[in-house]
Number of protein chains: 2
Amino acid sequence: MGLREAKKEKTRLAILDTALDLFLEQGYDSTTVEQIAGSVDISPRTFFRYFAGKDHLALWFHDHGEEIMLDTLRSRPADEPAFTSLMHTLRAVLADMEDSTPEDTSRFLKLRRLLDEHPHLVGLSVARGAATERRLVAEIAGRRGTDPDTDRFCHLIVAFAMSTMRVGFECPKPAVEDVREIAARLEETIDLAHSLLRPDLHG
Amino acid sequence: MGLREAKKEKTRLAILDTALDLFLEQGYDSTTVEQIAGSVDISPRTFFRYFAGKDHLALWFHDHGEEIMLDTLRSRPADEPAFTSLMHTLRAVLADMEDSTPEDTSRFLKLRRLLDEHPHLVGLSVARGAATERRLVAEIAGRRGTDPDTDRFCHLIVAFAMSTMRVGFECPKPAVEDVREIAARLEETIDLAHSLLRPDLHG
DNA sequence: TGTCATTCTGTCACTGACTGCCATAGATTA
DNA sequence: TAATCTATGGCAGTCAGTGACAGAATGACA
């Protein structure tokens, strides 16, 4: 990585960390982009060159997660049952979380607290998830050789998988302060989802 | 209903209809609140007294649907399996749709087209659905006598139900121009969901 | 080391959503 | 008719987000 990109990444993370702290201190709505930019000594205009919008700060994890999910899905054998592949993608996100840097886990936990305190942001998060869902549907429909616009089985199975992930991450109580707890909880939720679905769905 | 309220409702619908038409003609983003207000001869300030925001125009159906779902859910026997009750609430929305006024179905179809053309709005719609989901979870957890914050089964089953509804409504192709088609499609999706879940879940 | 092209950054001006405040017009009731 | 309540409009202001331009920092290369 060039010196230039390294610096950009540093700025990016500085913005993110400052913003998360400010959000947690004074609330999401009461924190302005101007204030965030000021705290990192950049202009508001520059802020928008690093993040497409204020809300993208709270969605930072989604981009990363989506990438992992799509990569994993593509690496699964094409003849594997869709539901099984999807569960593997969920576990891949989980695995990535577990061996991320301490800085990243700290960010993740802050983000979790932020979402807990601001139901409005959960809405944004779910909306972002819908975009991921579309991409997963496209991927799986492609694998099955069906039309993503009409293959309702495909939509439904992906929606169920995303629901599983969301519920695993969202369930707020008891409060977590460790990534492994979240991982365990997601693991449990995956098992629960398994137990709710017809056994023959997962190969 | 008093004369006063009748007039308010009329204004409300005038705003809604005008806005939907403008959105479909020129796109959601290119249509400003000022323009909508102008077309109905009210001030922009007044617009915001009828709708909390521009996006609430595209979410108008959700408020109605949520009400129906909650009402139906509360009217179901307390000892009915959660999943069964939830499927009844879905069908209740469907039934309401089928015997609504021609004006309402026209609005609904316009809304459908709008969502098809603007993926961004689907995000908003899903976010609104998340709020409904929380309320359904609270209701069902109450019925089961569990804590909504920890009862993951409850979250998951509600999330599955909402996914079913969403997929039923969303699946865009082939294009629909009749409410009965949408109803039939949702019906099919409900059946599909049934077939995916373990048989003993639905009493 | 000094030039040169590339890329980053800040400033400015602007649009558009949304809100609080206050004054007024219009309807409601006594 | 007078008093009251409510719907509305106008105004001023905040904040997110964008396009355009100019200057500064950076990397490549002679």
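Order of the sequence lines sets the chain letters (A, B, ...), proteins ahead of strands, with each chain counted from 1. This one's a predicted model, so the numbers in the text were calculated from it and none came from an experiment.
- Among residues two or more places apart in sequence or in another chain, the salt bridge (Lys or Arg N to Asp or Glu O under 4.0 Å) test is passed with D191(B) by none.
- Shown here are the salt bridge (Lys or Arg N to Asp or Glu O under 4.0 Å) partners of D178(B), two or more places apart in sequence or in another chain: R180(B).
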| How does protein reach along nucleotides 25-30 of chain D, written 5' to 3' as B (base within reach of a heavy atom under 4.0 Å), S (only sugar-phosphate), or - (no contact)? | -BS---
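- If you check the side chains of S163(B) and S163(A), you find a donor sitting under 3.5 Å from an acceptor.
- With sequence neighbours left out, the side chain to side chain contact (heavy atoms under 4.5 Å, CB included) criterion links L186(A) to L94(A), F169(A), I190(A).
- The side chain to side chain contact (heavy atoms under 4.5 Å, CB included) check on P44(B) picks up E34(B), A37(B), with sequence neighbours excluded.
- Scored by the side chain to side chain contact (heavy atoms under 4.5 Å, CB included) test, T31(B) finds L22(B), F23(B), Q26(B), Q35(B), I36(B) as partners (sequence neighbours excluded).
- For DNA chain C, the span of nucleotides reached by chain A at under 4.0 Å from its heavy atoms goes, 5' to 3', from dT6(C) to dT11(C).
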Let me have the donor-acceptor pairs involving side chains of residues 123-140 of chain A, under 3.5 Å, with sequence neighbours excluded, atom names and distances please.
residue, atom, partner, partner atom, Å
S125(A), OG, H62(A), NE2, 3.0
R128(A), NE, D63(A), OD1, 3.3
R128(A), NH1, E66(A), OE1, 2.8
R128(A), NH1, T132(A), OG1, 3.2
R128(A), NH2, D63(A), OD1, 2.7
R128(A), NH2, E66(A), OE1, 3.3
T132(A), OG1, E66(A), OE1, 2.6
E133(A), OE1, R166(B), NH2, 3.2
E133(A), OE2, R166(B), NH1, 3.2
E133(A), OE2, R166(B), NH2, 3.2
R135(A), NH1, E66(A), OE1, 2.9
R135(A), NH1, E66(A), OE2, 2.8
E139(A), OE1, R74(A), NH1, 3.1

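- Atom P of nucleotide dA16(D) and atom CG of D55(B) are separated by 17 Å, given to the nearest angstrom.
- Across all strands, Y50(A) comes closer than 4.0 Å only to sugar-phosphate atoms, never to a base (heavy-atom distances).
- Within a heavy-atom distance below 4.0 Å of DNA chain C, the residues of residues 23-49 of chain B found are T31(B), T32(B), V33(B), R45(B), F48(B), R49(B).
- By the salt bridge (Lys or Arg N to Asp or Glu O under 4.0 Å) test, D104(A) is found to be paired with R107(A), residues two or more places apart in sequence or in another chain being considered.
- The side chain to side chain contact (heavy atoms under 4.5 Å, CB included) test applied to D99(A) returns no partner, not counting sequence neighbours.
- Legend: residues meeting side-chain hydrogen bond (donor to acceptor under 3.5 Å, both in side chains) with E187(B), ordered by chain and number and at least two apart, are R91(B).
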